[in-house]
Each structure stands twice: as structure tokens, then as C-alpha cells.
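Starting from 1, each residue takes its place in the sequence as its number.
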Amino acid sequence: MGQISHQDSFDFAQDVRTTCHRLNNFLTILQCQHDYLGGLSSSEIESELAGVLRDLVPPIESATSDVLALSKKCRDILESQKYES
């Protein structure tokens with residue numbers, strides 16, 4: 001099996017680290033929204049929920065995109081290793 005270059009390994013590790021930080025940020029936003037909604041009465045939740053969900057769309061799309069990009073990079077690395085062997 002071929003070896004991944006040091007630079008490719010470093011770049012991939014940086015991508016993993018960056019993606020983890022972005023996911024952590026997303027989870028923090030999600031926790032804040034959860035805490036915010038948890039402090040509201042039932043009638044207030046009804047009126048605020050649509051806005052909260054609307055606000056979550058960009059972070060959800062960003063997190064999804066980040067994970068998809070990282071998954072593709074991982075697959076590409078694994079595929080290149082498979083064909084080098």
C-alpha cells in the first residue's frame with residue numbers, strides 16, 4: 001500500500017481539525033437555541049420556533065457542507081491508497 005505524503009497527512013489533519021471546530025460552533029449555537037426555547041412558555045415557543053428554525057438553516061447547511069467535503073477528502077485519500085497498492 002502506498003504512503004500518504006507528510007503534507008497530505010498534515011493538510012487532512014488540519015481539515016479534520018477545522019471541521020471539528022465548525023461542528024463544535026454549530027453545536028454551541030444549537031445548545032443556545034435549545035436553552036433559549038427552554039426558558040419560554042408554551043405560547044411563546046409557538047411564536048418563536050419558526051424564527052429559531054430559520055436562524056438554524058445557515059449553520060446546518062454549513063455543517064453539512066463541511067462534513068461532506070471532509071468525507072470526500074477522506075474517500076479520495078482512501079481510494080488513492082487502494083490504487084497505489
Quiz item: Any side-chain hydrogen bond (donor to acceptor under 3.5 Å, both in side chains) pairs touching residues 50-69, not counting sequence neighbours?
Solution: R22-D66

Quiz prompt | For D35, all residues meeting side-chain hydrogen bond (donor to acceptor under 3.5 Å, both in side chains), sequence neighbours excluded | solution = Q31

Practice problem: List in chain and number order the residues that pass side-chain hydrogen bond (donor to acceptor under 3.5 Å, both in side chains) with S41, two or more places apart in sequence or in another chain; answer none if no residue qualifies. | Solution: S43, E44

Quiz item: Just wondering, are more than 12 heavy atoms of other shown residues or ligands nearer than 6.0 Å to CD in Q14?
Solution: yes

Quiz item: Excluding sequence neighbours, so at least two apart, what forms salt bridge (charged side-chain N to carboxylate O under 4.0 Å, His left out) with D8?
Solution: none

Practice problem: Report the hydrophobic cluster partners of L56, with the cluster defined as I, L, V, M, F, W, Y residues connected by side-chain heavy atoms closer than 4.5 angstrom, directly or transitively. | Solution: F26, L27, I29, L30, Y36, L37, L40, I45, L49, V52, L53, I60

Self-check item: Co-members of V67 in a cluster of I, L, V, M, F, W and Y side chains, linked at under 4.5 Å
Solution: L23

Practice problem: Starting at CG of D11, measure out to NE2 of H6 and round the result to the nearest 0.5 Å. | Solution: 9.5 Å

Quiz item: Do side-chain atoms of T18 reach the backbone of D15 as a donor and acceptor pair under 3.5 angstrom?
Solution: no

